[in-house]
Amino acid sequence: MALSWNEIKDRALKFSNEWIDETKERAEKDTFWNDFFNVFGISRRRVATFEEPVKKLGNKQGFIDLFWKGTLLVEHKSKGKDLDKAFEQATDYFPGLKEHELPKYILVSDFENIKLYDLDERTEHEFHIKDFYKNVKLFGFIAGYQKRTFKEEDPVNIKAAELMGKLHDRLKEFGYAGHPLEVYLVRLLFILFADDTGIFEKDIFKEFIGQKTNEDGSDLGALIAQFFQVLNTPKEKRLKNLDEHLNAFPYINGKLFKEALPIAAFNSTMRSVLLEACGLDWGKISPAIFGSLFQSVMNPEERRNLGAHYTSEKNIFKLIKPLFLDELRAEFAKIKSSKPKLKEFHKKLSELKFLDPACGSGNFLIITYRELRQLEIEILRELYKGGELVLNISDIIWIDVDQFYGIEYDEFAARIAEVAMWLIDHQMNMKISEEFGQYFVRLPLKKAAKIVNENSLQLDWQELIPKTELSYIFGNPPFLGGKFQSKEQKEDMQLVASSIKSFGILDYVSAWYIKAAEYITDTSIVAAFVSTNSISQGEQVAVLWNEMFNHYKIKIHFAHRTFNWSNEAKGNAAVHVVIVGFGNFDIKRKLLFEYESINEEPHEIIVNNINPYLVSGNDVVVLSRTKTISDIPKISFGNQPNDGGGFLLTKEEYLELIESEPDAKKYIRKYVGSREFINKLDRYCLWLKDISPSELRKLPNVMKRVDIVKKHRLKSDRPATVELATTPTLFGFISHSDSEYIIIPSVSSERRKYIPMGFMPSNVITSNLCLIVPNATIYHFGVLTSIMHMSWVKYTCGRLKSDYRYSNKIVYNNFPWPKLLSKKNKESIVKKAQKVLDIREEFPDSSLADLYDPLTMPPKLVKAHQELDKAVDLCYRPQAFTTENARIEFLFDLYNEYTMPLLKEEMKTKKKKV
């Protein structure tokens with residue numbers, strides 16, 4: 001059992017008083033350091049050696065005064081000697097040490113003065129021996145106490161995962177695989193952490209491996225198997241003749257070491273890797289970060305990018321703060337001066353229960369537990385700041401890991417989560433031990449977070465925890481578009497969402513929303529998930545949120561609009577996500593977190609309501625429609641060749657064809673898709689709609705291309721495509737009409753303030769990668785290219801990554817055009833829209849990509865668009881809109897007004913059919 005800080009301070013004061021005595025000056029340094037270690041209740045003989053031989057630079061022999069491998073190197077000098085030179089001498093020993101032997105601290109002394117160097121933190125502290133007791137906490141690492149700062153990108157986290165990855169590979173190579181390997185590595189994770197943080201005596205496991213096993217590793221597997229058994233056996237039930245080194249380890253329990261595993265085979269390399277892992281400072285490793293890193297060691301592909309596979313704390317806080325933490329903190333601040341209320345609040349915290357139904361390696365659970373324990377420490381600090389004596393610290397710590405529940409499909413991740421919760425519990429126990437000067441450790445392990453290895457979408461969550469007991473649901477469930485879901489995942493979606501019309505378009509993450517909504521019905525539970533932003537954009541909104549609102553009566557309580565979910569790890573792929581918090585009841589004060597750009601910090605807005613597009617406004621969903629809600633020209637996709645490359649020509653192929661067959665020129669048209677239109681690229685196509693058979697036969701090279709089209713279509717598995725082979729001279733889908741039309745790229749960069757649109761002459765063929773609006777006027781162009789329409793696009797369209805994906809059925813057909821349009825306002829739009837087109841013509845060498853890039857957009861074009869924006873605003877109301885929020889709220893209200901009669905008409909039609 002480790003000493004409390006109060007005991008250590010008393011011993012340190014006694015040590016100082018004894019050694020400050022002048023008669024001690026001639027004493028041997030061995031006695032000095034034995035007494036020094038005794039201050040911390042540690043036997044110097046067990047952890048450190050005197051006069052350790054080592055080869056210095058130049059192969060010179062040297063002797064370290066006192067050496068604790070991997071932790072501390074001491075250089076001791078006579079009274080009055082230069083301690084800076086002593087430090088230099090200490091570092092001269094480094095070249096002769098193995099990697100895992102390198103110390104984290106250097107300590108130099110001359111009996112009178114002590115100087116400690118922390119090599120990891122690059123700090124140094126010097127004091128007189130009489131002040132040792134005042135500085136004793138600097139040496140907490142000796143007793144297993146240590147203040148820890150966790151850095152998400154700390155190399156220790158990466159190094160630890162890499163070493164575990166090496167062990168994993170070698171064990172698997174020798175045939176140790178599957179479930180036993182996963183359990184084995186999780187146990188080693190716990191042991192390495194315990195060896196550095198006071199669960200075990202400091203470095204006792206490292207010493208056990210170093211001193212009790214053969215260098216060739218031949219007996220290591222058997223001894224570790226025995227070691228596992230010892231950790232699972234209470235002290236009183238252990239063999240009487242058990243090796244004293246093994247018997248020094250505490251009884252762990254918690255079922256962590258209960259299962260009997262096959263004995264693993266080690267060699268000298270693997271033993272060295274394990275010793276190197278022992279040499280790391282595992283106390284610096286954050287369980288929240290390392291859980292995901294450790295999970296990745298099982299996957300060699302993921303291991304190549306170690307560091308990219310965890311959820312950063314910063315992003316976890318974006319969810320847990322508005323879900324519960326901010327509210328708890330605010331309540332604490334309000335009642336902290338009242339002891340009765342503090343005690344009630346403390347009891348409330350101890351009764352909260354949390355569920356992560358897709359917990360992975362436990363990141364959300366771990367951070368939440370840590371924050372609750374930190375809040376508990378602050379409560380206890382207020383309750384006992386008068387100096388009241390706490391006889392048993394365990395009596396006042398009420399928050400425990402059994403308040404936390406998780407569901408995880410991957411067994412290895414589930415076991416990591418369970419162990420990581422014990423590790424963070426111990427870290428917080430060390431923190432409260434320091435706070436109250438009383439050593440506190442929960443051994444043997446009696447409670448555990450309940451993490452089950454199940455398919456969350458097939459499990460009845462109430463079997464894990466009744467909903468009457470739960471407080472919060474949170475997490476980061478997997479997201480995967482409908483097209484990318486496996487057969488098993490599609491079956492999960494069928495199980496959860498089969499009653500929902502068009503559920504097949506939903507992202508996989510939607511299933512967790514539906515399960516949570518069902519679970520929290522008629523409760524005060526609040527849930528929040530990180531999700532792909534597709535659930536708040538495009539066609540998925542109506543499918544998911546109609547069910548959430550109408551069937552489960554859900555209200556959104558807070559939301560983060562789209563932001564970049566990532567960490568700073570090299571090569572980490574960014575994911576664009578939203579966070580949505582919701583309940584089965586309404587609240588007055590809702591929080592909306594908006595981002596100027598996806599990589600910036602959010603700003604918080606208090607709103608009355610949040611709709612499924614994560615906008616302040618009524619709970620409205622935009623339905624997929626085949627007809628427009630306003631009286632405007634119809635929109636269509638462009639023309640689809642379905643040709644296997646037969647119809648399409650590069651500029652070089654075009655020139656080559658008309659050189660060999662000049663008569664083919666009249667059957668070739670310019671061909672424009674999104675890329676060609678925006679970037680001003682030349683591309684062509686054969687347009688054989690009106691060609692006669694005799695003319696076609698005179699063009700053998702064109703005939704060859706028609707043959708390519710026919711063969712391509714005949715090879716198809718789709719009957720409709722095979723049918724098209726009967727007309728191989730025609731595009732597979734034709735929407736072209738012989739009139740001018742507006743072209744709208746189906747995909748456009750989110751960087752642009754406006755989607756570049758324009759007019760196309762009738763002799764240009766537009767591909768199916770664009771949308772076209774035939775019979776449109778400059779007025780229609782003006783409204784479509786305005787910021788008013790862009791606001792609608794931004795909030796309702798789907799996305800391809802983060803780019804806008806323009807939709808006819810969701811965006812165009814549902815856009816609420818001005819209701820009462822005066823002749824004056826319409827003429828103003830026409831005039832301003834024409835000016836935009838005229839200014840574009842002033843830059844004939846620039847593409848639309850150049851003209852609409854935020855960095856290169858000409859100022860006069862910016863101004864022209866601003867004037868057009870104002871003209872369009874004034875068609876909707878007498879004064880221009882000043883914010884995007886005001887615009888989109890207005891548009892959703894107008895959409896609601898336009899569609900309410902349509903919905904009533906649809907309901908009447910359905911009743912007649914019935």
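Because the structure is predicted, anything quoted here is derived from the model rather than measured.
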- Task: Measure the CG-CD1 distance between N618 and I610 for me, rounded to the nearest 0.5 Å.
- Result: 13.0 Å
- Task: Without swapping roles, check the side chain of S674 against the backbone of S746 for a donor-acceptor pair under 3.5 Å.
- Result: yes
- Can you establish whether the number of heavy atoms outside K490 located under 6.0 Å from its atom NZ is more than 12? yes
- Hey, which of Y812, Y795, Y806, Y804 is the one that makes ring pair (Phe, Tyr, Trp, His ring centres under 6.0 Å) with H789? Y806
Residues 697-708 side chain polar contacts: donor-acceptor under 3.5 Å, at least two apart:
from : atom 1 : to   : atom 2 : distance (Å)
N701 : ND2    : S660 : OG     : 3.1
N701 : ND2    : E661 : OE2    : 3.2
R705 : NH1    : G645 : O      : 3.4
R705 : NH1    : G646 : O      : 3.0
R705 : NH1    : L648 : O      : 3.4
D707 : OD2    : K711 : NZ     : 3.1

- Query: Any luck finding a side-chain donor-acceptor pair between H560 and Y595 under 3.5 Å?
  - Reply: yes
- Item | Side-chain donor or acceptor of N611 paired with backbone N/O of Y613 under 3.5 Å | yes
- Task: Decide yes or no for R669 and V764: does some side-chain heavy atom of the first lie under 4.5 Å from some side-chain heavy atom of the second?
- Result: no
- Task: Establish, from distance only, whether the side-chain atoms of D838 and Q834 form a donor-acceptor pair under 3.5 Å.
- Result: yes
- Item | Side-chain heavy atoms of N564 within contact of H576, under 4.5 Å | yes
- Message: Using side-chain heavy atoms (C-beta onward) and a distance below 4.5 Å, is Y852 in contact with K753?
- Response: no
- Under 3.5 Å, is there a donor-acceptor pair linking the side chains of T777 and H780? yes
- Task: Anything under 30° is parallel, anything over 60° is perpendicular, the rest tilted; go ahead and classify F549 against W545.
- Result: tilted
- Message: With side chain to side chain contact (heavy atoms under 4.5 Å, CB included) as the criterion, how do N639 and N768 come out once you've worked through the C-alpha distance, each side chain's angles and the decisive distance to 0.1 Å?
- Response: CA-CA 5 Å; N639 306 272; N768 59 306; over 6 Å; no
- Item | Check: W792 ring centroid to F890 ring centroid under 6.0 Å | no
- Message: Less than 3.5 Å apart, any donor N or O on the side chain of D850 or S847 sitting next to an acceptor on the other?
- Response: yes
- Item | Contact check, side chains of T721 and K715, non-hydrogen atoms, under 4.5 Å | no
- Ring center gap for Y741 and F759 short of 6.0 angstrom: no
- Query: Is the cationic atom of K318 (NZ for Lys, CZ for Arg) positioned less than 6.0 Å from the six-membered ring centroid of F563 and within 45 degrees of its normal?
  - Reply: yes
- Message: When you compare the side chain of I579 with that of F558, does any pair of heavy atoms fall below 4.5 Å?
- Response: yes
- Query: Does atom CD of E656 have more than 12 heavy-atom neighbours from other groups under 6.0 Å away?
  - Reply: no
- Do the charged groups of R713 and E723 touch, with an N to O distance under 4.0 Å? no
- Task: Answer yes when R752 and D853 have at least one side-chain N-carboxylate O distance shorter than 4.0 Å, and no when they do not.
- Result: no
- Note on the structure: Contacts of S630 meeting side chain to side chain donor-acceptor pair (under 3.5 Å) (sequence neighbours excluded), chain-then-number -> none
- Message: Tell me if the centroids of the rings in F582 and Y513 come within less than 6.0 Å of each other.
- Response: yes
- Query: Looking only at atom types and distance, does a side-chain atom of D507 sit under 3.5 Å from a main-chain N or O of L480, one as donor and one as acceptor?
  - Reply: yes
- D893 side chain near L891 side chain, heavy-atom distance below 4.5 Å: no
- salt bridge (Lys or Arg N to Asp or Glu O under 4.0 Å) against E600, all qualifying residues, sequence neighbours excluded: none
- Taking NZ, NE, NH1 and NH2 as the nitrogens, is one of them in E695 or K666 under 4.0 Å from a carboxylate oxygen of the other? yes
- Could you walk me through whether F815 and Y895 pass the ring pair (Phe, Tyr, Trp, His ring centres under 6.0 Å) check? CA-CA 7 Å; F815 178 62; Y895 168 82; over 10 Å; no
- Quick one: do H865 and T785 satisfy side chain to side chain contact (heavy atoms under 4.5 Å, CB included)? Show the steps, please. CA-CA 8 Å; H865 267 286; T785 199; 3.6 Å; yes
- Message: We want to know whether K634 and N813 form a side-chain donor-acceptor pair, criterion being a heavy-atom distance below 3.5 angstrom.
- Response: no
- Query: Should we say atom CG of N608 is surrounded by more than 12 heavy atoms from elsewhere, each under 6.0 Å from it?
  - Reply: no
- Neighbour count >12 (heavy atoms, 6.0 Å) for atom CZ, R675: no
- Item | CA sep, side-chain torsions, deciding dist, call: R625, K809, side chain to side chain contact (heavy atoms under 4.5 Å, CB included) | CA-CA 5 Å; R625 296 181 188 278; K809 293 181 180 180; 5.7 Å; no
- Message: side chain to side chain contact (heavy atoms under 4.5 Å, CB included) for V722 and R718? Distances and angles first, verdict last.
- Response: CA-CA 6 Å; V722 174; R718 294 179 67 246; over 6 Å; no
- Item | Pair F731 and W687, ring centroids less than 6.0 Å apart | yes
- Task: May I ask you to check whether over 12 heavy atoms, not counting those of E841, lie within 6.0 Å of atom CD?
- Result: no
- Got a second to check how far I765's CD1 is from I734's CD1, nearest 0.5 Å? 8.5 Å
- Message: Do Q540 and S534 pair up side chain to side chain, a donor and an acceptor below 3.5 Å, judged on atom types alone?
- Response: yes
- Task: Ignoring hydrogens and angles, tell me if any N or O in the side chain of N825 forms a donor-acceptor pair with the backbone of L821 under 3.5 Å.
- Result: no
- Query: Under 4.5 Å between any side-chain heavy atoms of L730 and T727, yes or no?
  - Reply: yes
- Item | Side-chain heavy atoms of L591 within contact of I605, under 4.5 Å | no
- Salt-bridge present (E867, K835; N to O < 4.0 Å): yes
- Message: I'd like to know if D619 pairs up with K555 as an ion pair, taking the criterion as any Lys NZ or Arg NE/NH1/NH2 lying under 4.0 Å from an Asp or Glu carboxylate oxygen.
- Response: yes
